[in-house]
Amino acid sequence: SKDLNDVYGKKFDYVVFLNNLNGYISGKTSVKGNLSNISVNFPSLDKADEELNKVFKELTGLLADDQKAVLTDAEKAWVEYRDSEFKFLDSIFNINGESNPQEMSKKLSERYKIGIIEERIKTLNSYKELMSKNGFVKIDAGETAKQQEALKQRYAALLSHLKDDNDLKEMKESESKWAVFIEKETLFVNKLFETHNISENAAYTLSFEPYSNRYKIISVYDQLTFE
């Protein structure tokens, strides 16, 4: 429980946590069977990075100077989070029972890394669509609070499953950098909301749900680590 203090401190709800853990175990499927189903659109990290840089440049070309500055700050924070997340992925992939476990681990780790970049591309493209269609950003404070709480519970569960001290350290560092990134990203989204909120009848609505998306990623890591 001491390992969870940085997440909850004295507020950690063990009853809820154990109920969630029990539900996860009862519905758990084979990790090995899920690994081959990882699907990405780019053949390599380099190709994914090329597309990301392209989309980022296109988006910044649509923004006012103040918006561009805030987005650039958020993107720098995302890069720091990405690098830390990649270290965590490298540390948890250890595929046994294969003819070449190191090569298999490397390939699967790279596919997860590509998936992280693809999610960022998707997000930046959604901002582009918002600008082109004169849409608005939808932020529900109540729903956001629920997503934050669910993420805390899921993150706490993941920490309890990480047996290796290095894995635990890498995950905590990655989550810390993700939190910094999402704080800066929220500033950018609010800047879009301030200057680009047309009306409730706008052609395009962007629902900002970073905590829910992070929850899904953490859930996948649970499948990879909790045998």
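- Remark: Arg120 engages Glu75 in a salt bridge, criterion side-chain N to carboxylate O under 4.0 Å.
- Aromatic ring centres of Phe136 and Tyr204 lie farther apart than the 6.0 Å criterion allows.
- A salt bridge links Arg154 and Asp222; the closest N-O separation between the charged side-chain nitrogens and carboxylate oxygens is under 4.0 Å.
- Ion pair Lys169/Asp164 not flagged as a salt bridge, since none of the NZ, NE, NH1 or NH2 atoms sits closer than 4.0 Å to an Asp/Glu carboxylate oxygen.
- Between Asp49 and Lys54 no salt bridge is recorded (no basic side-chain N to carboxylate O distance below 4.0 Å).
- Residues Tyr211 and Thr144 meet the side-chain proximity criterion, which asks for heavy atoms closer than 4.5 Å.
- Below 30°, between 30° and 60°, or above 60°: for Phe181 and Tyr81 the angle between ring planes is below 30°, a parallel geometry.
- Atom CD of Glu183 sits in a sparse spot, with 12 or fewer heavy atoms from other residues, nucleotides or ligands closer than 6.0 Å.
- A donor-acceptor pair under 3.5 Å is absent between the side-chain atoms of Ser176 and the main chain of Lys172, judged by distance alone.
- Comment: Lys87 does not engage Glu173 in a salt bridge, judged by the lack of any side-chain N to carboxylate O separation of less than 4.0 angstrom.
- Salt-bridge formation is detected for the pair Arg214/Glu85: a Lys NZ or Arg NE/NH1/NH2 atom is positioned less than 4.0 Å from an Asp or Glu carboxylate oxygen.
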- request: Assess whether ring pair (Phe, Tyr, Trp, His ring centres under 6.0 Å) is satisfied between Tyr215 and Tyr155, documenting all intermediate values.
  value: CA-CA 8 Å; Tyr215 179 97; Tyr155 175 56; over 10 Å; no
